[in-house]
2 protein chains.
Amino acid sequence: MARTQGSRADITGPLIRDAARSLFARHGYAAVSMRQIAQAVGVQAGTLYAYTADKQALLADLLSDHMTLLLESWQDDPAAAVTARLDAFVRFHIDTSLDHADGVFLSYMELRSLTPDNHARIAALRRRYENGLQNILDDGVAAGVLRVDDTRLATMALIAMLTGVTNWYRSGGRLDRQALYRHYGALVRGAVGA
Amino acid sequence: MARTQGSRADITGPLIRDAARSLFARHGYAAVSMRQIAQAVGVQAGTLYAYTADKQALLADLLSDHMTLLLESWQDDPAAAVTARLDAFVRFHIDTSLDHADGVFLSYMELRSLTPDNHARIAALRRRYENGLQNILDDGVAAGVLRVDDTRLATMALIAMLTGVTNWYRSGGRLDRQALYRHYGALVRGAVGA
DNA sequence: GTCTATATCAAGATAGAC
DNA sequence: GTCTATCTTGATATAGAC
């Protein structure tokens, strides 16, 4: 990890963000020091401040970029069948939760570590993402394809259920990802009466 | 909050635990200082060390007591109908999640802040609680009353779904607790094919 | 049992040399 | 762009008086 002097600006920025994301997710924002992040990257602590105004901005940028990635990655097709749209959401959310586990975790857990204005901005992005699922449920109920008493409650319930996969799933274990799609898909379709 | 000298040992202990639980849940273990806890109680920081060996022991005791409370409070009746047992679990877990929201939150979020031995001890208690639900699902599948492909996965999925109620529910809002029982109960029964 | 005072250490952040 | 050095603050924990 020792580093002699020399400019590597093109890669240091992403390395800082990767290290911060991983450490924040593992130990919590408050528990991680700027010195720890710097050590993981292989630079001195002072160097971090060439890339971020302060620790708070580093967290806010990570969360903001993660939510933006989510919103831009997910493509719903309102013209498709509701059950197909629902299955697509399940797969997308499981994939995201596993492929960007740290980002997902931070977006739900470290909102409380943000300043009020940062909090409001990120929470609004998260709400937009949640609305994507709620739209599917609303359309399904309107079309008589789904039976859901309260689509807002069901949205929160299903997202919590799917995100929870990160609490226990370990790749290389008993189940592969296709099995996750199947099992979680069956639970979700059953829950909403598809 | 100012406090003159004087002994109030009988109430100071519980007050410290209440304050620590609340502050840890709101801001995270690492983000809360012993001074903050002391201020919330109305004593000086040094006084806390008459009640706990250190900050780590304070967290471990909170989590241990919470899991013990859960395990002792929940009464399953293996002789009852599976759907009745399942409904009882849903009500119990929602009640617990709302009435002991801080303890529930800490038990899932701050395991990572425990030393390895404390972590193992608390995680084992949590696993025992999870097994309570899994037993119901296993019995239901064996009896042909439920359709669940993987009861371990379903257990983790349903607990995550129910615990998630704390993320959005606010008492006095649009829904009362009976509505929560109904809506979450319907989602759960649908998910497991009851 | 509680307070005051303090020892010790580590945190976030900045300044200036290279 | 990065390093070294440092300022300032606040953290956990302890010692001893009341």
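Every chain is numbered from 1 and lettered A, B, ... according to where its sequence line falls, protein lines coming before strand lines.
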**Request:** May I ask you to evaluate whether A:Tyr51 reaches the phosphate of D:dT2, defined as a side-chain N or O under 4.0 Å from OP1 or OP2?
**Result:** yes

**Prompt:** A:Tyr49 side chain N/O closer than 4.0 Å to the phosphate oxygens (OP1, OP2) of C:dA13?
**Reply:** yes

**Request:** Rounded to the nearest angstrom, tell me the gap between atom CD in A:Gln39 and atom C1' in D:dT2.
**Result:** 17 Å

**Asked** If only side-chain N and O atoms of B:Ser33 are considered, is one of them under 4.0 Å from the OP1 or OP2 phosphate oxygen of D:dG10?
**Response** no

**Asked** Taking the side chain of A:Arg35 as its heavy atoms from C-beta onward, which of C:dC3, D:dT2, C:dA13 lies nearest to it?
**Response** C:dA13

**Prompt:** Strictly by modelled atom types, are B:Ser113 and B:Glu110 linked by a side-chain donor-acceptor pair under 3.5 Å?
**Reply:** yes

**Nearest-Å distance for atom pair CG/C1', residues B:Leu48 and C:dT4** = 15 Å

**Message:** Between A:Asp150 and B:Arg182 (salt bridge meaning N to carboxylate O under 4.0 Å), is one present in this structure?
**Reply:** no

**Message:** If we ignore hydrogens and angles and just use 3.5 Å, is the side chain of A:His183 paired with the main-chain N or O of A:Ala179 as donor and acceptor?
**Reply:** yes

**Asked** Over how many whole Å does the gap from A:Gln36 atom CD to C:dA10 atom P extend?
**Response** 12 Å

**Fill in**
Picking from C:dA13, C:dC3, D:dA13, the nucleotide nearest the side-chain atoms of B:Val43 would be C:dC3

**Prompt:** Just how far, in rounded Å, is P of D:dG10 from CD1 of B:Ile37?
**Reply:** 17 Å

**Atom-to-atom span, CG of B:Leu15 to C1' of C:dT2 - whole angstrom** = 14 Å

**Message:** Check B:Asp102 with B:Arg26, please: is the shortest side-chain N to carboxylate O separation under 4.0 Å?
**Reply:** no

**Item:** B:Gln56 CD to D:dA13 C1', straight-line distance once rounded to whole Å
**Value:** 15 Å

**Any B:Gln44 side-chain nitrogen or oxygen under 4.0 Å from OP1 or OP2 of C:dT4** = yes

**Message:** Within a 6.0 Å radius of atom CZ on A:Arg128, are there more than 12 heavy atoms belonging to other residues, nucleotides or ligands?
**Reply:** no

**Request:** Compare the minimum distances between each of D:dA13, C:dC3, C:dA11 and the side chain of B:Lys55, then state the nucleotide with the smallest one.
**Result:** D:dA13

**Message:** Measuring to OP1 and OP2 of C:dT2, would you say a side-chain N or O of B:Thr12 lies under 4.0 angstrom away?
**Reply:** yes

